[in-house]
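Counting convention: from 1, in listed order, for ligands and their atoms alike. What you see is a predicted model; the values in this text were computed from it and never measured.
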Amino acid sequence: MIIRTRKPSDVPSSEITPEDVYVNRRRFIRDAAVGTAALAFAPNVLDASESDPRQQVPARFQNMKSELDEDLNPYEHITEYNNFYEFGAQKEDPARNAGDFRPRPWTVRIEGHVNKPGDYQLEDFIGPSNMEDRVYRMRCVEAWSVVVPWRGFPLSDVINRAEPTGDAKYIEFKTVVRPSEMPGQRTRMLDWPYVEGLRMDEAMNPLTLMTTGVYGMDLPNQNGAPLRLIMPWKYGFKGIKSIVSMNFVEEMPRNTWWVQNRREYGFYANVNPEVDHPRWTQARERRLGELRRRRTLMFNGYTEQVESMYAGMDLTRWI
Ligand code: MTE
């Protein structure tokens, strides 16, 4: 019999390492390790840095800013502090445990209310001409934030290709299930597969990105290789990783965190500083790598591009 572990929502906040402590601790450990190794094994250190993606960040990102003139977070903040329960519940688990995951070859099943269902290869969607860099502010429901130069293409490209019928009101997305490569899936921490959903207009919004990379390079496994969703006006848990299925459905999908605890994680999950999470405020946030707290912006600062989709909805009820 499988012993049920504690739900992530049961973890008291005292057990969660604040991200600045975590990032600084990691940096200290890394710098100390590199410093020691450099003295003893200089050639190996040089070899390691050649294959280290942190050293390969293309120059075009050097002075890039968000449209609110914010600095980008460095590569290691984005790739070493993650939520990806398939690889464990702690922030450092995905980077540590995702090494055996194989993101190629990759097939995405498209089904439901569409004229063109089928199994599509990743290469059917992506090509040299449709990839773009997009700097997005990301806000996690746990009240930390990060500015990321994602690489990807509009989700609407995929949707238009699938030709949804009038009965398609939502899209339900699923993550791959591979317990042999994903140690978290050998536990019952969450119900697998991880599921997310978007209403059709949210999915078609030009901001909604099918993401394949970060800092101009392929997504590392811990960030959801080879294909994940990013909607910058929603809390990070909507950004489902390692997607293998898109089902065009009529009813609102039952997404993983809604099933887990619907009072704390509503289906819409729009960033809203005016509605507190039941256990903490959402009015402020901490940018990874900073100590001070910033004021959280409505729709994470993307109001102009998204608010019309929610006109007439009571956003204290439809969280
Ligand atoms: N997708 C899957 N399959 N499994 C997960 O646990 N976590 C979500 C989201 N997508 C998650 C997932 C949460 S809670 C967040 S905050 C973001 O991924 C984190 O994305 P990042 O690690 O790239 O910052």
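- Of the protein's non-hydrogen atoms, the one nearest atom 5 (C) of ligand 1 is Tyr194 CE1, 3.3 Å.
- For Tyr81, no nitrogen or oxygen atom sits less than 3.5 Å from a nitrogen or oxygen atom of ligand 1, counting backbone and side chain alike.
- Between Gln222 and ligand 1, a contact under 3.5 Å exists for no N or O pair.
- Assignment of Ser242 to the shell around ligand 1 is not supported, since no heavy atom sits closer than 4.0 Å.
- Looking at atom 10 (N) of ligand 1, its nearest protein heavy atom turns out to be Gly239 O, 2.9 Å.
- Of the polar atoms of Asn223, at least one N or O is found under 3.5 Å from an N or O of ligand 1, judged by distance alone.
- Between Arg137 and Glu285 no salt bridge is recorded (no basic side-chain N to carboxylate O distance below 4.0 Å).
- Of the protein's non-hydrogen atoms, Tyr85 N, 2.8 Å is the one closest to atom 6 (O) of ligand 1.
- The residue from Thr175, Ile78, Thr256, Val148 that puts a heavy atom closest to atom 3 (N) of ligand 1 is Thr175.
- Side chains of Asn97 and Phe84 form no contact here, defined as non-hydrogen atoms less than 4.5 Å apart.
- The distance from the CD1 atom of Ile319 to the CG atom of Asp314 is 11.0 Å, given to the nearest 0.5 Å.
- Cluster annotation: Tyr265 and Met189 are assigned to the same hydrophobic cluster (Ile/Leu/Val/Met/Phe/Trp/Tyr, side-chain heavy-atom contacts under 4.5 Å, transitive).
- The shortest N/O to N/O separation between Phe237 and ligand 1 does not fall below 3.5 Å.
- When only interatomic distances are considered, the shortest N/O to N/O separation between Arg228 and ligand 1 falls below 3.5 Å.
- Summary of contacts: the protein heavy atom closest to atom 16 (S) of ligand 1 is Asn83 ND2, 3.4 Å.
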